[in-house]
Amino acid sequence: MIRILVTGAAGFIGSSLTDMLLKNEDHQIAGVDNFDEYYGKSIKKSNLESALNNPNFTFHELNILDAQSISMNFQDVKPDIVIHLAAKAGVRPSIQDPMDYFDVNVRGTLNVLEAMRSSGTKKMIFASSSSVYGNGKVVPFNEDMNVDNPISPYAASKKAGELLCHTYHHLYDMDIFCLRFFTVYGPRQRPDLAIRKFTKAIIEGTEIPFYGDGTTRRDYTHINDIVHGISNAIDRLKGYEVINLGESQTTSLEELVCILEDVIGIKANKKRFPMQDGDVFQTYADISKAQTILGYQPSTDFKDGIIDFVEWYKRSYCA
Ligand SMILES: NC(=O)c1ccc[n+]([C@@H]2O[C@H](COP(=O)([O-])OP(=O)(O)OC[C@H]3O[C@@H](n4cnc5c(N)ncnc54)[C@H](O)[C@@H]3O)[C@@H](O)[C@H]2O)c1
């Protein structure tokens, strides 16, 4: 039996990962989440529904800023491995609320690392982000590139998290992989992210907020590919590595709206705004390191992934 502790277990990626890991009866999963108010508690509770019916899952409503409770929880669970996904996610709100972002994403990560140290846990996967690459001009982004130029507090907080992970790897011989996720989408996607916001607005006939001239590009990565990448990382965790998890294909904002219009069968009503502070022009992952170290092979074609997402959205919200 492998004991896995997932922080942020009620969120989009955390709940999808938990459901996937529970398919293996050798996994005992402890989920930690504080139902942060960034988006609805009811959404997060429903994300957890199927896991809560599984005897190999326990849920612990805890805030990673509460160092003492987190440490006691780790002493209790004694996880073999921690998958640390809990964070304030979202680029633009981090500009309004930098203190909170640094508290949760940096001090919270330090609390988790300290709890690992005191409970003797030696393995961690840390959710980092493509945002650390900032406005890098050379694509695809690879892990050897300099990432000293973040353009949002969120990006800086994720880079800081990576640095802390390296420090604990060095000091306490922990095996830690920092996985840089590239814009993740699919069923349960966060309500603040473009694909979900646009889908809702197109279906409801309201305006979609369209930032910039439509040429910004994103490497959209399907949730199934992300959870497979994380799962492969669990099996191969050794030393300290930073690894991109993307699809290694990019789609412009204009193309994204066209695909959504095509799949939903309704024309979007765009309301144009200038590009926002904190938004990067492009993200594009070089995934050769993930292929070599993790045997990672993303397999979701973007249009198929959008069809899957829109079907889920209609089933969940338009019944
Ligand atoms: N979704 C993406 O496109 C994407 C891209 C790059 C990186 N990431 C990272 O992946 C991770 C998961 O992202 P997500 O999209 O699933 O976000 P999410 O907001 O759906 O999930 C994060 C979870 O963390 C929990 N949380 C927040 N603060 C907490 C605290 N103080 N204590 C305990 N739990 C807390 C939230 O309640 C939430 O359920 C985050 O670390 C995020 O930064 C996500």
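Both ligands and their constituent atoms are indexed starting at 1 by order of listing. Counting begins at 1 with the first residue of the sequence. Quantities reported herein were computed from a predicted structural model and do not represent experimental measurements.
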Less than 3.5 Å between some nitrogen or oxygen of Ser128 and one of ligand 1, yes or no? no
**Report entry** ILVMFWY cluster, Leu245 and Val6 together (side-chain gap under 4.5 Å)
**Finding:** yes
Under 4.0 Å from one or more heavy atoms of Leu85, ligand 1 contributes atoms 11 (C), 12 (C), 40 (C), 41 (O)
Honestly, for Thr7 the part within reach of ligand 1 (heavy atoms, under 4.0 Å) is neither
Is there any N or O on Ile64 that sits under 3.5 Å from an N or O of ligand 1? yes
**Asked** Looking only at distance, does Leu65 have an N or O less than 3.5 Å from an N or O of ligand 1?
**Response** no
In this structure, atom 39 (O) of ligand 1 is nearest to the protein heavy atom Asp33 OD2, 2.7 Å
List the steps, then state whether ring-ring contact (aromatic ring centres under 6.0 Å, His included) holds for Phe309 with Phe12.
CA-CA 13 Å; Phe309 172 76; Phe12 162 42; 8.7 Å; no
Problem set entry | Sub-4.0 Å heavy-atom approach of Ala10 to ligand 1 | yes
If we number the atoms of ligand 1 from 1 as shown, the ones under 4.0 Å from a heavy atom of Leu62 are 32 (N), 33 (C)
Apply side-chain contact (heavy atoms from CB on, under 4.5 Å) to the pair Asp279 and Thr216, showing each step before the final yes or no.
CA-CA 9 Å; Asp279 276 358; Thr216 53; over 6 Å; no
Near Lys44 (heavy-atom distance under 4.0 Å), the atoms of ligand 1 are 36 (C), 37 (O), 38 (C), 39 (O)
Shortest non-hydrogen pair, Leu21 vs His27, comes out as O-ND1, 2.8 Å
Counting only heavy atoms not in Met1, do more than 12 fall under 6.0 Å of its CE?
yes
| said: Below the 3.5 angstrom mark, is there an N/O of Phe12, backbone or side chain, next to an N/O of ligand 1? | reply: yes
For atom 13 (O) of ligand 1, the closest protein heavy atom turns out to be Ile13 CD1, 3.9 Å
Atom 29 (C) of ligand 1 has as its nearest protein heavy atom Asn34 OD1, 3.2 Å
Looking at Phe126, Tyr38, Phe181, the heavy atom closest to atom 5 (C) of ligand 1 belongs to Phe181
* Could you tell me whether the side chain of Ser71 and the main chain of Ala115 form a donor-acceptor pair under 3.5 Å? => no
message: Side chain or backbone, does Ser129 bring an N or O within less than 3.5 Å of an N or O on ligand 1?
response: no
Ranked by distance from atom 27 (C) of ligand 1, the top protein heavy atom is Ala87 O, 3.3 Å
Heavy atoms of Ile306 and Leu260 approach each other most closely as CG2-CD2, 3.8 Å
| request: Answer yes if Ile223 and Phe198 sit in the same cluster of Ile, Leu, Val, Met, Phe, Trp and Tyr residues linked by side chain heavy atoms under 4.5 Å apart, and no otherwise. | output: yes
min-distance protein heavy atom vs atom 20 (O) of ligand 1 -> Tyr39 OH, 2.5 Å
Short version for Thr183: what comes under 4.0 Å of ligand 1, heavy atoms counted, is backbone
Of all heavy-atom pairs linking Ile203 and Ile266, the shortest is CA-CD1, 4.3 Å
Q. In terms of side-chain geometry, is the basic nitrogen of Glu204 or Lys200 positioned less than 4.0 Å from the acidic oxygen of its partner?
A. yes
the protein heavy atom lying closest to atom 1 (N) of ligand 1 turns out to be Arg190 NH1, 3.4 Å
Closest heavy-atom pair, Asp219 versus Ser248, reported as atoms and distance to 0.1 Å, is OD2-N, 2.9 Å
Against ligand 1, does Lys158 come closer than 4.0 Å with any heavy atom? yes
Nearest non-hydrogen protein atom to atom 21 (O) of ligand 1, with distance, is Gly11 CA, 3.5 Å
Legend entry - Any Phe35 heavy atom less than 4.0 Å to ligand 1: yes
Counting from 1 in the order shown, the ligand 1 atoms closer than 4.0 Å to a non-hydrogen atom of Asn63 are 30 (C), 31 (N), 32 (N)
Minimal heavy-atom distance between Asp286 and Glu143, with the atoms involved, is O-OE2, 4.0 Å
More than 12 foreign heavy atoms under 6.0 Å from CZ of Phe281: is that the case here? no
Looking only at protein heavy atoms, what sits closest to atom 42 (C) of ligand 1 is Tyr154 OH, 3.6 Å
message: Pairing donors with acceptors under 3.5 angstrom, does anything connect the side chains of Thr250 and Arg218?
response: no
